[in-house]
Amino acid sequence: MNERNRIEQLIEAENMTAKQFAQEVGIQAGTISNIMSGRNNPSLEVLQRVLNRFRTVSSDWLILGVGSMYRPNGGQSVEQTLFDVKPLDKPELSNMSMVDRTEQPAVASSIASAKPATPIQPTVPSKSITRIIIYYSDGTFEER
């Protein structure tokens with residue numbers, strides 16, 4: 001079964017006409033007509049638009065013909081994205097490899113109070129800190 005057949009199957013499963021499907025996906029009716037007639041194969045852009053509009057459709061099924069039409073977990077992505085990760089309550093000081101461990105309490109208190117900290121001396125003399133960016137929960141940031 002090729003992509004054209006899978007698009008036909010999807011249109012049928014969604015109980016739409018080809019014209020309605022084209023409108024939903026955001027492509028010209030002539031484009032879907034050419035795909036359905038076999039004149040053209042769907043482009044990557046068309047497949048991306050289908051997957052963006054029908055989030056529950058499996059990309060493996062649509063592009064490769066592997067698996068079932070719909071994602072098994074109700075359309076939820078199995079992998080976490082950057083936006084799915086919850087922010088940490090406290091900064092992780094154990095990951096600060098460039099910081100002298102004896103200065104960690106001063107760093108933690110300065111981060112928590114959001115006041116400028118005293119300069120931190122790197123453990124490698126040939127390197128120095130040139131820029132620090134602080135990101136706030138409201139989406140703003142401050143560069144120091």
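Any value given below was found using the heavy atoms of this structure, including those in side chains, with hydrogens, waters and symmetry copies removed.
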Worksheet item: Which pair of heavy atoms, one from Leu47 and one from Glu3, lies closest together, and at what distance?
Response: CD1-OE2, 3.9 Å
Worksheet item: Cluster question for you: counting only ILVMFWY and a side-chain heavy-atom cut-off of under 4.5 Å, with indirect links fine, are Val66 and Leu10 together?
Response: yes
Worksheet entry | Pairwise side-chain contact, Met36 with Ile11, heavy-atom cut-off 4.5 Å (strictly under) | yes
Item to complete: Tell me whether Leu44 is reachable from Leu64 by hopping between hydrophobic residues (I, L, V, M, F, W, Y) whose side-chain heavy atoms are closer than 4.5 Å.
Response: no
Worksheet item: Measuring from Tyr70:OH to Leu62:CG, what's the distance to the nearest 0.5 Å?
Response: 11.0 Å
Response to the item:
Sorted by chain and number, sequence neighbours left out, side chain to side chain donor-acceptor pair (under 3.5 Å) with Thr140 holds for Asp138
Worksheet, complete the sentence: Shortest non-hydrogen pair, Gln9 vs Trp61, comes out as OE1-CZ2, 3.3 Å
Side-chain donor/acceptor pairs under 3.5 Å, residues 23-33, sequence neighbours excluded:
residue, atom, partner, partner atom, Å
Glu24, OE1, Arg53, NE, 2.6
Glu24, OE1, Arg53, NH2, 2.7

Item to complete: Please answer whether the main-chain N or O of Thr17 pairs with a side-chain N or O of Gln20 as donor and acceptor at a distance below 3.5 Å.
Response: yes
Fill in: Asn52, CG atom: more than 12 neighbouring heavy atoms under 6.0 Å
yes
Worksheet item: Between Phe21 and Ile7, is any pair of side-chain heavy atoms under 4.5 Å apart?
Response: yes
Item to complete: Check Ser59 against Leu51 and note the closest heavy-atom contact, atom names and distance.
Response: CB-CD1, 3.6 Å
Fill in: With sequence neighbours excluded, residues passing side chain to side chain contact (heavy atoms under 4.5 Å, CB included) with Asn2
Arg4, Asn5
